[in-house]
Amino acid sequence: MRAIEIRNKYLNFFKAHGHSIIPSAPLIPENDPSVLFTTAGMQPLVPYLLGEHHPSGKRLTDYQKCLRTNDIDEVGDNRHLTYFEMLGNWSLGDYFKEESIKMSFEFLTKELGIPVEKLSVTVFAGDEDCPRDEVAASCWKKAGILDGHIYYYGKDDNWWIAGETGPCGPDTEMFYDTGKPACSPNCQPSCDCGKYVEIWNNVFMEYYKDEKGYSKLKQQNVDTGLGLERMAMLLQGKETPFDTEIFKPIMDKLVELEKVDLIESRRIIAEHLRSSMMIISDGGRPSNLDRGYVLRRLIRRMIRHMNKLQINLDEISTLIDLNVDTLKGMYPELEKNREIIKSVIIEEKNKFVRTLANGEKEFNKEVNKLKNAGKNIIDGKMLFRLYDTYGFPPEVTKDLAIECGMEVSMDEFDKLFKEHQEKSRAGATQKFKGGLASTGEMETKYHTATHLLNAALKQVLGAHVHQRGSNITAERMRFDFSHDSKMTDEEKKQTEDLVNKWIQDAIPVERLEMKKEEAVKMGAEAMFIEKYGDIVTVYKIGDISIELCGGPHVSNTKELGHFKIKKEESSSSGVRRIKAILE
Ligand code: SER
């Protein structure tokens with residue numbers, strides 16, 4: 001069964017069981033600057049898990065584009081991926097353990113046709129925070145899981161929380177027996193010898209964890225996640241996701257293009273290319289900070305491995321075209337963004353090629369020095385210098401180091417890198433503040449107009465629009481935002497009309513104070529979340545806009561007069577600039 005068929009079966013199955021199909025949120029969280037990328041299907045749903053009403057109801061299902069970077073160094077082996085797709089279904093205070101387990105069992109055995117002998121499940125063993133999950137175990141027995149196929153584990157295995165605090169609870173995981181021989185008489189689902197592969201995780205999310213400990217949520221939720229690539233691999237009887245139709249065309253093409261045969265490099269190229277394309281398509285651009293830095297690392301590492309296989313770097317364009325064609329059935333946005341993806345990756349490649357030559361020379365010089373001194377560790381300072389001066393991502397240095405038998409001290413690099421990021425952020429904050437420095441009556445009006453413009457652009461151009469900068473004088477406003485193409489006259493007019501409509505609607509502008517986490521949960525937009533303290537001011541304009549912001553603002557949109565866009569132009573790569581006035 002191909003991945004897209006699995007996805008469709010999943011969504012249709014849960015639809016038939018009363019769930020609304022909701023769209024995947026973008027890979028770059030829309031209004032949540034506290035995380036870099038969407039890492040699980042539940043992430044965009046946190047407010048609803050906490051009790052807010054979801055417009056599509058209490059039973060939801062979707063496929064969610066996810067990116068996890070903690071295992072980036074493992075990519076190249078036979079299973080790790082950075083980008084993956086998570087199929088999920090949710091009960092927001094509706095059904096709980098019994099129905100959730102019954103549906104999972106039915107989906108796996110009837111819809112996907114997995115023989116029951118191949119399934120094992122794990123449930124929470126219980127501790128001082130939460131009792132042993134006999135309920136889940138008995139639901140599994142009732143559903144049809146075989147005797148001896150239910151295992152009890154503690155918090156390490158059967159408890160799920162995203163990060164340190166938030167909604168959480170005991171989970172039950174489903175495992176697929178690949179049929180490989182057991183590694184020992186004790187071989188169980190928790191063993192990672194490869195016999196058992198985790199395929200689905202149902203979290204019974206009824207707790208909330210904060211610094212003080214656990215409390216009960218208002219409602220009992222279910223949050224499930226099924227990794228699509230892995231399921232496709234198992235159902236197709238393949239050893240790795242790279243052997244499925246998702247990666248096969250690009251893997252084959254790489255074999256055709258390469259002069260050196262290294263399977264790990266081929267996998268890294270295929271994997272990082274797909275992830276980079278997905279990030280760019282959802283509005284990400286390479287930079288030296290946060291999200292942009294992850295993208296930069298992915299692209300640069302891919303290029304480094306193309307060099308390793310001695311593939312002509314001009315072939316990147318062919319590889320992108322091939323991947324768009326392979327994946328556009330699953331992600332139509334790739335087709336739409338084909339040219340942007342190409343130009344962003346090629347531009348980053350060109351930058352990297354320019355620095356690579358210098359960096360490698362420097363690297364070799366330093367390594368020779370170290371070797372002559374009888375040392376075999378490259379310290380963090382040198383890693384950082386290669387990064388800072390030569391644009392060398394530490395992974396690349398690490399790869400090079402391993403090739404010449406050296407070790408690297410990542411901890412020290414991480415420390416220096418953090419300091420560097422903090423400095424860059426402080427600089428950016430200064431700039432941001434500068435943009436709002438003086439606030440007379442006109443500036444205050446422009447400031448409110450900025451929030452309306454931000455909201456209007458999102459409606460007209462799409463959710464990828466985020467503020468990238470702002471500058472206000474008494475005479476005009478300037479607003480920079482993420483978007484790739486020139487706005488059409490029609491788009492400009494629609495944007496103007498929307499802003500003017502909101503002005504005419506005479507909407508009150510509310511100033512609220514709340515905890516930063518609450519604001520993030522409410523979906524408040526913020527350009528630099530780090531610049532704010534624990535308690536933040538949020539400006540809310542009806543249902544139109546909610547932003548973390550220091551103000552000041554007018555008290556009603558009707559005070560703004562008439563809004564007019566004077567100019568729309570490029571500001572930098574992937575960023576557009578609007579100059580507008582109030583008349
Ligand atoms: N949130 C859980 C996970 O990521 C289930 O979706 O595994």
Side-chain angles (χ1 to χ4, degrees), residues 6-7 10-11 13-14 19 21-25 27 29 32 34-50 54 58-71 79-97 99-101 103-105 107-108 121-124 130 133 136 140 153-176 189-190 192 196-209 214 217 219-231 234 521:
I6 301 174
R7 182 209 275 174
Y10 188 96
L11 298 178
F13 174 84
F14 282 99
H19 294 66
I21 302 178
I22 57 169
S24 172
L27 203 44
D32 187 352
S34 64
V35 285
L36 291 186
F37 295 99
T38 304
T39 58
M42 54 78 72
Q43 207 169 287
L45 295 173
V46 169
Y48 312 103
L49 292 163
L50 298 180
H54 192 287
K58 293 183 165 189
R59 294 180 174 223
L60 308 176
T61 184
D62 74 8
Y63 75 82
Q64 176 60 51
K65 302 185 261 187
C66 297
L67 193 98
R68 293 187 182 173
T69 49
N70 29 350
D71 290 333
R79 61 197 181 97
H80 281 96
L81 300 176
T82 53
Y83 173 84
F84 67 101
E85 181 174 319
M86 189 184 278
L87 301 175
N89 60 282
W90 290 272
S91 155
L92 303 172
D94 193 46
Y95 58 83
F96 205 42
K97 297 183 185 177
E99 200 170 342
S100 158
I101 286 175
M103 286 189 289
S104 289
F105 186 80
F107 181 72
L108 293 175
V121 300
T122 65
V123 298
F124 185 54
C130 173
D133 205 348
W140 279 120
Y153 298 128
K155 273 224 177 71
D156 281 354
D157 292 291
N158 280 97
W159 188 270
W160 202 87
I161 183 164
E164 295 296 317
T165 57
C168 56
D171 64 8
T172 181
E173 298 188 347
M174 288 143 262
F175 285 80
Y176 179 93
S190 60
D192 59 4
Y196 297 99
V197 180
E198 184 206 326
I199 48 175
W200 202 351
N201 181 14
N202 295 6
V203 186
F204 304 120
M205 214 166 241
E206 58 171 329
Y207 295 91
Y208 189 87
K209 188 180 178 212
Y214 294 93
L217 284 175
Q219 60 192 39
Q220 292 182 319
N221 306 293
V222 177
D223 153 44
T224 93
L226 181 157
L228 180 64
E229 290 81 356
R230 193 180 282 181
M231 185 59 94
L234 293 169
K521 271 176 211 145

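Whatever order the structure lists ligands and atoms in, that order sets their numbers, starting from 1.
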Checking side-chain hydrogen bond (donor to acceptor under 3.5 Å, both in side chains) between Asp94 and each of Gln219, Arg59, Lys58, which is the one that passes? Arg59
For the residue pair Trp200 and Phe14, categorise the inter-ring angle as parallel (less than 30°), tilted (30 to 60°) or perpendicular (more than 60°). perpendicular
Does the side chain of Asn202 come under 3.5 Å of the side chain of Ser100 through a donor N or O and an acceptor N or O? yes
In this structure, is the centre-to-centre distance between the rings of His19 and Tyr95 below 6.0 Å? yes
As a test of understanding, state which of Asp133, Thr172, Thr122 forms a side-chain hydrogen bond (donor to acceptor under 3.5 Å, both in side chains) with Asn158. Thr122
List below, pair by pair, the N or O atoms of ligand 1 and of the protein that are less than 3.5 Å apart, including the distance to 0.1 Å; reply 'none' if no pair qualifies.
unit_1: ligand 1; atom_1: 1 (N); unit_2: Asp223; atom_2: OD2; d: 2.8
unit_1: ligand 1; atom_1: 4 (O); unit_2: Arg68; atom_2: NH2; d: 3.4
unit_1: ligand 1; atom_1: 6 (O); unit_2: Asp223; atom_2: OD1; d: 3.1
unit_1: ligand 1; atom_1: 6 (O); unit_2: Thr224; atom_2: O; d: 3.2
unit_1: ligand 1; atom_1: 6 (O); unit_2: Gly225; atom_2: N; d: 3.1
unit_1: ligand 1; atom_1: 7 (O); unit_2: Trp160; atom_2: NE1; d: 3.4
unit_1: ligand 1; atom_1: 7 (O); unit_2: Asn201; atom_2: ND2; d: 3.1

Does Cys168 have any side-chain contact (heavy atoms from CB on, under 4.5 Å) partners at least two apart in sequence or in another chain, and if so, which? Trp159, Ile161, Tyr207, Lys209, Tyr214
